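Every value quoted in this text rests on a predicted model; they were computed, and no experiment measured them.
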Amino acid sequence: MLKVNKFILIGIVATVLLAGGAAAAYYFLVMNAETEGAEPAPKLDKRAFIYVEIPPIVANFDVKGKMRYVQITTSLQTRDADSGDTIKNNIPLIQSDLLTLMQGADFNEINSADGKARFIKQIEKSVNTMFKDGPKPFEIERAMITGFVIQ
């Protein structure tokens, strides 16, 4: 009976030591690994979105001898008030640039989902390039097609 109690006592002590060692290993390996040497988490931008709608742009396309028209309405999203003002104050310039982009596009491509996605990226790049050398930093988060009509 005494030998059984010794084995039980040794088992309990061994279990407690193993559990303590496992907890210490977890703390040092996992908890510290997340904070040491890891890049800090990016800070979330809590500024409200500002949306600036660009009036519709209409372009004509010759598709197999038939004249087709595409009207696209876009909006630009930013969180920077100065960038929003820059967009609002330069809408005719942006419209002109977007019209040039549309005229250079292929009708069938601009009519596809992938083509629209590429066109949106072109809009973002074009607008960023237009204002990147301005007196104030310029930022847009994304461009969106908010209206799309084909005739």
Side-chain angles (χ1 to χ4, degrees), residues 12-151:
I12 292 172
V13 169
T15 303
V16 169
L17 287 175
L18 284 174
Y26 175 80
Y27 175 77
F28 286 111
L29 295 175
V30 175
M31 299 299 282
N32 282 346
E34 291 177 4
T35 58
E36 290 179 9
E39 292 182 22
K43 294 184 181 181
L44 294 177
D45 192 345
K46 294 184 181 184
R47 297 176 294 171
F49 288 120
I50 299 168
Y51 296 95
V52 180
E53 184 172 310
I54 308 301
I57 299 154
V58 179
N60 55 335
F61 294 87
D62 184 5
V63 181
K64 298 178 185 175
K66 279 180 96 175
M67 202 48 104
R68 303 292 302 262
Y69 299 94
V70 177
Q71 175 182 310
I72 294 179
T73 306
T74 57
S75 290
L76 300 174
Q77 177 188 48
T78 184
R79 292 179 192 253
D80 179 54
D82 289 336
S83 296
D85 290 341
T86 299
I87 294 167
K88 289 174 191 170
N89 294 334
N90 290 283
I91 285 180
L93 179 63
I94 295 170
Q95 280 184 295
S96 174
D97 196 56
L98 296 182
L99 182 59
T100 303
L101 283 175
M102 280 181 64
Q103 290 292 313
D106 178 71
F107 177 81
N108 292 323
E109 184 170 320
I110 206 167
N111 196 21
S112 72
D114 289 339
K116 285 182 186 84
R118 281 189 291 278
F119 188 66
I120 288 170
K121 293 298 176 196
Q122 287 178 332
I123 293 170
E124 290 170 357
K125 182 180 177 185
S126 175
V127 172
N128 274 318
T129 301
M130 197 179 301
F131 300 112
K132 73 176 181 176
D133 295 329
K136 296 179 182 176
F138 181 79
E139 60 181 67
I140 62 168
E141 292 211 11
R142 62 188 244 176
M144 297 160 280
I145 294 177
T146 55
F148 188 83
V149 178
I150 293 181
Q151 283 187 313

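- Atoms CD1 and CD1, from I57 and I123 in turn, are 7.0 Å apart once rounded to the nearest 0.5 Å.
- The shortest non-hydrogen separation linking S75 to T146 is OG-CG2, 3.5 Å.
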Throw together a table of side-chain donor-acceptor distances under 3.5 angstrom for residues 47-56, partners on residues two or more places apart or in other chains.
residue: R47; atom: NE; partner: D45; partner atom: OD1; Å: 2.9
residue: R47; atom: NE; partner: D45; partner atom: OD2; Å: 3.2
residue: R47; atom: NH2; partner: D45; partner atom: OD2; Å: 2.7
residue: R47; atom: NH2; partner: E139; partner atom: OE2; Å: 2.8
residue: Y51; atom: OH; partner: Q77; partner atom: NE2; Å: 3.0

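- Partner of I140 under the side-chain contact (heavy atoms from CB on, under 4.5 Å) criterion, chosen from D80, T86, N128: N128.
- Residues F119 and L98 come closest through the heavy atom pair CZ-O, 4.3 Å.
- Separating the CD1 atom in I72 from the CE atom in M102 is a distance of 4.0 Å, to the nearest 0.5 Å.
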May I have the step-by-step check of side-chain contact (heavy atoms from CB on, under 4.5 Å) for F131 and N90, ending in yes or no? CA-CA 10 Å; F131 300 112; N90 290 283; 3.6 Å; yes
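- For the atom pair D133 CG and F138 CZ, the distance stands at 12.0 Å (nearest 0.5 Å).
- Taking NZ from K46 and CZ from R79, the interatomic distance works out to 11.0 Å, rounded to the nearest 0.5 Å.
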Pair T74-I94, side-chain contact (heavy atoms from CB on, under 4.5 Å): steps then yes or no: CA-CA 10 Å; T74 57; I94 295 170; 6.0 Å; no
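- Within the structure, side chain to side chain donor-acceptor pair (under 3.5 Å) pairs that include any residue of residues 99-117 comprise E109-R118 (at least two apart or interchain).
- Of all heavy-atom pairs between L76 and A143, the closest is CD2-CB, 3.6 Å.
- Of all non-hydrogen atoms in F148 and I110, the two that sit nearest each other are CZ-O, 3.5 Å.
- Nearest heavy atom pair, residue P137 against residue S83, reads O-OG, 3.8 Å.
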